[in-house]
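From a predicted model like this one, the values you see are computed outputs, not experimental measurements. Throughout, residue positions are numbered sequentially from 1 according to the sequence presented.
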Amino acid sequence: MTATPDSTAAAATAPSSTAPSSTAPSSTSGTKRPARILGLDGPRGFACLCVLAVHVGGHNSPVTVANYKLGLLGQGLIFFFALSGFLIFLPMVRRLFAGKPMPDNKSYAVHRILRVFPAYIVIFLFANFVMRAVFTENAAVAEEHFTDAGLGMITDPVTLLGNLTLVHSYVPSMLQTGINPSWSLTLELMFYIALPLLTGIAFYLARRTSISASVLVLIPVVVMFAIGVAGKLYTASRVEPSGITDPLLLDWGPNEVAVLSRSFFSLADNFTFGMAAAVIFVAVDTGVLKGWTAKNMRWWTGLAMLPVAAISLKLIDDNSRWQTTFVSLGSALLILFIIAPLARGERSKLAERADWKPLEYVGTISLSVYLWHFPVLIMVGRFGWMAGDSPVGMLWNFVVVTAVSVLFGTITYRLVEKPALMLARKYKSGK
């Protein structure tokens with residue numbers, strides 16, 4: 001999937017007498033926490049499979065996708081943005097609440113770079129030069145269902161460099177080239193850059209002023225949300241001057257509006273609700289947030305999801321650019337709904353069940369699966385393994401592409417991703 005943090009990137013969860021602890025005891029329970037957040041890898045894996053399904057269906061079963069409204073599955077990607085906001089911001093929130101200095105920026109940068117680029121570069125190079133199954137021109141313009149139109153091997157050195165460095169999504173002529181879902185990695189990278197810059201303001205003020213941590217921690221949340229809102233408004237103002245009326249081209253075409261629509265400037269708010277969830281989680285865990293709100297967090301998050309889901313569905317149906325904002329809010333509420341008891345030092349049976357082993361495994365290797373699945377669906381189509389445009393045919397196509405993508409994803413996770421993450425941890429421990 002997108003460049004999500006590994007499952008041990010942040011501390012905190014349910015008490016366990018056997019799991020190793022890497023964090024301080026919770027002020028609410030006095031027990032030590034294992035270094036993995038229970039209940040989030042399974043949903044991550046499910047979201048990954050949802051995105052895979054909509055891409056498989058969109059390329060090979062467009063009528064089935066349209067008839068059964070399966071395009072909704074693509075919103076699984078927004079869950080990843082909210083999850084990134086939660087997991088990556090969480091350690092920073094903990095340190096701010098504890099009065100500790102900001103995490104080391106060099107270690108943070110090394111970890112983020114090694115989390116994304118080794119797997120991405122290996123998969124891109126293989127998909128481009130061996131499989132020849134990447135888009136050589138904008139996918140929204142060139143793609144034709146059931147065909148290889150617009151696909152092949154990128155040979156232009158500028159486009160190749162743009163894809164290798166993940167800056168291609170900010171150049172109109174390069175947008176949606178290469179592994180076309182990789183635009184989300186570009187977005188995540190910008191989030192990785194912006195987060196420590198904005199959080200650094202909160203840590204600076206914590207040293208220089210007497211403002212409480214519970215207020216300071218909201219600075220990066222509010223600023224990033226404001227960036228996303230401003231970006232959406234500006235992007236909307238550029239639609240009419242562009243002269244483009246096709247919604248597909250406005251969202252994905254080789255033009256300024258599509259670049260803005262896929263940019264951090266327009267989508268920064270997709271991360272902020274996950275960040276806010278991290279603030280609430282730590283506030284409950286440290287006892288800053290008490291009483292009814294903390295005790296009944298699962299109930300109020302569950303109830304809040306209902307109107308948010310209804311609004312999201314309406315905005316999706318209207319193809320509103322605000323749809324991702326509400327889907328992200330719903331995703332953050334879902335995260336809290338799953339892990340709410342963990343903040344209080346209690347057991348969460350829902351979190352345990354959410355990490356169903358098959359989905360948990362897909363969640364662990366989701367970055368590789370996410371990057372492999374589009375080149376794989378092109379290759380299996382060339383081999384004649386794909387069925388027709390029907391519900392049964394789409395199910396078959398999904399199973400085939402999932403099986404091959406998980407196989408390839410397992411290989412790159414074990415040979416590339418995992419060693420890179422171990423190197424990042426070694427660098428951190430050696431500092």
Parallel, tilted or perpendicular, as decided by the 30° and 60° cut-offs, for the rings of F264 and F271: tilted

Is the shortest distance from a Lys or Arg side-chain nitrogen in D317 or K314 to a carboxylate oxygen in the other one below 4.0 Å? no

Can you tell me if W322 has over 12 outside heavy atoms packed within less than 6.0 Å of its CH2? yes

Any side-chain heavy-atom pair from N60 and L377 closer than 4.5 angstrom? yes

Test: R321 and D251 ion pair at under 4.0 Å: no

Are the side chain of T177 and the backbone N or O of M174 linked by a donor-acceptor pair below 3.5 Å? yes

Heavy-atom count check: over 12 atoms from other residues, nucleotides or ligands less than 6.0 Å from M153 CE? yes

Kindly check if the number of other-residue, nucleotide or ligand heavy atoms within 6.0 Å of CZ (R132) is above 12? no

With sequence neighbours excluded, what pairs up with K357 under the salt bridge (Lys or Arg N to Asp or Glu O under 4.0 Å) test? E360

F273 and S331, any side-chain heavy atoms less than 4.5 Å apart: no

Do the rings of Y120 and F117 sit parallel, tilted or perpendicular, given the 30° and 60° boundaries? perpendicular

Charged N-O contact under 4.0 Å between E352 and R347: yes

Under 3.5 Å donor-acceptor, Q75 side chain and L72 backbone: no

Using the ring of each side chain (for Trp, its six-membered ring), is F374 parallel, tilted or perpendicular to F135, with breaks at 30° and 60°? tilted

Quick test of your reading of the model: are R94 and D285 salt-bridged, counting only N-O distances below 4.0 Å? yes

Look at atom CZ of F46 and say whether more than 12 heavy atoms of other residues, nucleotides or ligands are closer to it than 6.0 Å. no

